Amino acid sequence: MTRGTSELTNMEKFLPYVVFVADPSQVQLKLDMKWKREYVKCVEQPDSCSCGLFLLAFVECVLRGIPPQFDADPLQMRYRIARDLIDIGESPSSKNKSKV
């Protein structure tokens with residue numbers, strides 16, 4: 001599956017900040033630059049414990065360059081995130097083969 005050009009561009013812009021948070025010695029950021037502020041209407045969480053889910057969904061929308069409007073069923077969002085994490089992981093059989 002190939003990603004759209006705007007999605008790649010957004011990810012490329014965002015990646016240095018992710019690396020900086022993980023290990024600040026690995027990247028030099030221009031922290032004095034001006035940030036563009038944009039206020040968008042987005043989905044609100046229905047409870048007091050799903051903020052992480054909604055943050056991940058919002059960031060995904062920003063990186064993909066799409067409006068942050070999505071189905072807001074926290075249970076379904078949790079299942080989708082779990083499925084996505086499992087799909088990108090290595091299968092146990094491939095891990096055992098690499099250790100041999």
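Since the model is a prediction, treat every value here as computed from it, not as a measurement.
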What pairs of donor and acceptor atoms, side-chain ones from residues 41-49 against any protein atom, are under 3.5 angstrom apart with sequence neighbours left out?
unit_1	atom_1	unit_2	atom_2	d
Q45	OE1	C51	N	3.4
Q45	NE2	D47	O	2.6
D47	OD1	C49	N	3.3
D47	OD1	S50	N	3.1
D47	OD1	S50	OG	2.9
D47	OD2	S50	OG	3.0

Practice problem: Give me the other members of the hydrophobic cluster that I66 sits in, counting Ile, Leu, Val, Met, Phe, Trp and Tyr linked by side-chain heavy atoms under 4.5 Å, directly or via other members. | Solution: none

Would you be so kind as to tabulate the donor-acceptor pairs closer than 3.5 Å made by side chains of residues 73-89, with sequence neighbours excluded?
unit_1	atom_1	unit_2	atom_2	d
D73	OD1	L75	N	3.3
R80	NH1	E60	OE1	3.2
R80	NH2	E60	OE1	2.9
R80	NH2	E60	OE2	2.7

